[in-house]
Amino acid sequence: MKYDHILVRYGELTLKTKNRKMFVNAIRKTMIRTLEGFDVKVKANRDRAYIELFDADPYEVMDALKHVTGILSVSPVVKMDRTEDAMKETALNFAGGFKGGSTFKIEVKRADKEFHLKTFDIQDMLGGLLLRNTENIEVDVRNPDYKVMVEVRLDGIYMYHDVIKCVGGLPAGTGGKALLMLSGGIDSPVAGFEIMKKGVELEAIHFHSPPYTSLQATEKVKRLVDIMSERTGVDIKLHIVPFTELQTTLYDKIPDNMSMTSTRRIMLRIAEKLAWKVDAEAIVNGENLGQVASQTLTSMHAINAVTNYPVLRPLLTLEKNDIVRMAKEYDTYETSIMPFEDCCTIFKPKAPKTKPALDKVLKFESNVDFESMIEKALENIEVYETDAKESENAFDALL
Ligand code: ATP
Ligand code: MG
């Protein structure tokens with residue numbers, strides 16, 4: 001079957017009538033960005049978009065659009081002249097690909113109400129034709145295996161039957177900006193994707209402690225933002241914060257069973273300062289209730305006490321195996337499980353408190369001048385910027 005267009009259906013856009021134009025423009029921009037390098041033309045209308053395929057493979061194009069937020073589903077489509085012969089020929093071609101013993105239905109949409117054939121005429125003509133010419137298929141109007149859609153428009157007739165689900169959500173850049181706390185683990189990139197799905201643009205912050213953390217660990221985080229950026233067609237700025245001085249001071253000055261809480265508190269303080277600076281309206285992390293000692297409700301309470309900023313935790317109540325499935329879907333899993341720790345094992349407390357007492361944490365922290373170290377860390381941030389199309393980085397060379 002030679003497809004010449006991809007039909008793109010929008011996600012939750014329908015709800016937002018007032019902002020529709022802005023949403024359509026945003027989604028058009030991201031699609032153009034994502035499909036750079038494909039021989040295609042993007043035509044985004046009010047209610048849907050068509051990608052005209054010149055010399056591009058329809059399945060590669062659909063794969064590239066799968067994670068563009070705001071796209072609900074895509075279909076490979078054949079566009080034809082507005083003649084009966086053209087419709088018949090294409091419908092027969094489709095039916096040739098149906099499995100034996102299957103059922104089908106012809107569904108017609110007449111966007112052009114003046115078209116000389118009525119809905120029923122088209123259904124009757126094509127349904128009868130397929131039944132007469134294709135062996136071992138039947139009509140089932142309720143629950144068909146194949147739904148052949150025929151759309152009659154002014155510029156031609158569009159026919160398709162395959163519908164491929166995409167990520168959905170809202171178009172990039174329509175929901176403000178948030179700062180993602182990105183470790184090299186499985187959870188935080190998934191948390192980032194979930195927030196991006198809602199049209200929120202991200203910057204990311206990563207804390208590293210060289211030489212205790214390896215170069216590979218930092219390159220791995222760069223690769224994670226590359227993947228996120230490539231899949232969604234949206235660039236992400238990654239801020240890499242030098243954390244060694246703070247990390248070693250925490251190790252020396254805070255009792256072992258409270259150092260995890262204080263470490264997270266300091267990270268959050270730095271994240272908040274950066275969020276103000278880059279105009280991010282929320283902080284996002286990959287925390288999951290009860291997963292580890294630092295993620296009990298009591299720990300979260302003690303950690304969160306350093307900020308008034310909204311801290312979004314999209315994975316809060318999910319099961320780990322669902323998060324893993326999502327990481328695989330978003331293509332970050334293989335990178336996340338690479339064995340480069342973002343925080344050297346020597347700093348990991350042996351028995352972190354699951355119920356840290358905030359008053360004690362505050363007392364120990366008050367003995368140390370963390371503020372000046374925090375300022376210094378912020379001054380020495382290294383910035384890595386993705387380019388949604390140029391995602392090569394030094395990571396492979398380091399393996
Ligand atoms: P992840 O898989 O995202 O690392 P996790 O379950 O391993 O999550 P923790 O390592 O305890 O949990 O971290 C909880 C959250 O804190 C992470 O999801 C991430 O948002 C943030 N975080 C942890 N370490 C770092 C780091 N080095 N840099 C930036 N953010 C971090
Ligand atoms: Mg982790």
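Both counts, for ligands and for their atoms, begin at 1 and track the order of listing.
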Nearest neighbour of atom 11 (O) of ligand 1 from the list R264, H239, E287, on a heavy-atom basis = R264
note = Excluding M260, membership of its hydrophobic cluster (Ile, Leu, Val, Met, Phe, Trp, Tyr; side-chain heavy atoms within less than 4.5 Å) reads none
query = Is the shortest N/O to N/O distance between M181 and ligand 1 below 3.5 Å?
reply = yes
ask   = What atoms in ligand 1 come closer than 4.0 Å to a heavy atom of G185?
value = 1 (P), 2 (O), 4 (O)
message = Can you name the atoms of ligand 1, numbered from 1 with element, that are less than 4.0 Å from a heavy atom of D187?
response = 1 (P), 2 (O), 3 (O), 5 (P), 6 (O), 8 (O)
request  = Can you sort out the partners of P58 under side-chain contact (heavy atoms from CB on, under 4.5 Å), two or more places apart, ordered by chain and number?
outcome  = Y3, I6, L53
query = Taking heavy atoms and a distance under 4.0 Å, where does H208 meet ligand 1: side chain, backbone, both or neither?
reply = neither
query = For ligand 1, does N288 get within less than 4.0 Å through its side chain, its backbone, both, or neither, judged by non-hydrogen atoms?
reply = neither
ask   = Going by distance alone, is a donor N or O of one side chain under 3.5 Å from an acceptor N or O of the other, for Y330 and E194?
value = yes
inquiry  = Under 3.5 Å, is there a donor on one side chain and an acceptor on the other for D235 and T386?
reply    = yes
request  = Count the heavy atoms belonging to other residues, nucleotides or ligands that lie under 6.0 Å from NZ of K29, then report whether that count exceeds 12.
outcome  = no
message = I need the atoms of ligand 1 closer than 4.0 Å to a non-hydrogen atom of Q295, numbered in the order shown.
response = 6 (O), 9 (P), 11 (O), 12 (O), 13 (O), 14 (C)
inquiry  = Give the atom numbers and elements of ligand 1 that come within less than 4.0 Å of a heavy atom of I186.
reply    = 2 (O)
request  = Please check if any side-chain donor atom of E365 sits under 3.5 Å from a side-chain acceptor atom of S262, or the reverse.
outcome  = yes
ask   = Which ligand 1 atoms does N285 reach within 4.0 Å, using its non-hydrogen atoms?
value = 20 (O)
query = Which is it for I205 and ligand 1 at heavy atoms under 4.0 Å: side chain, backbone, both or neither?
reply = backbone
ask   = Counting heavy atoms not belonging to D55, are there more than 12 under 6.0 Å from its CG?
value = no
key: G286: numbered ligand 1 atoms lying under 4.0 Å from its heavy atoms   = 17 (C), 18 (O), 20 (O)
ask   = Does any donor atom in the side chain of H208 or T218 lie under 3.5 Å from an acceptor atom in the other side chain?
value = yes
key: Numbered atoms of ligand 1 (with element) below 4.0 Å of S188, judged on heavy atoms   = 1 (P), 3 (O), 18 (O), 19 (C), 20 (O)
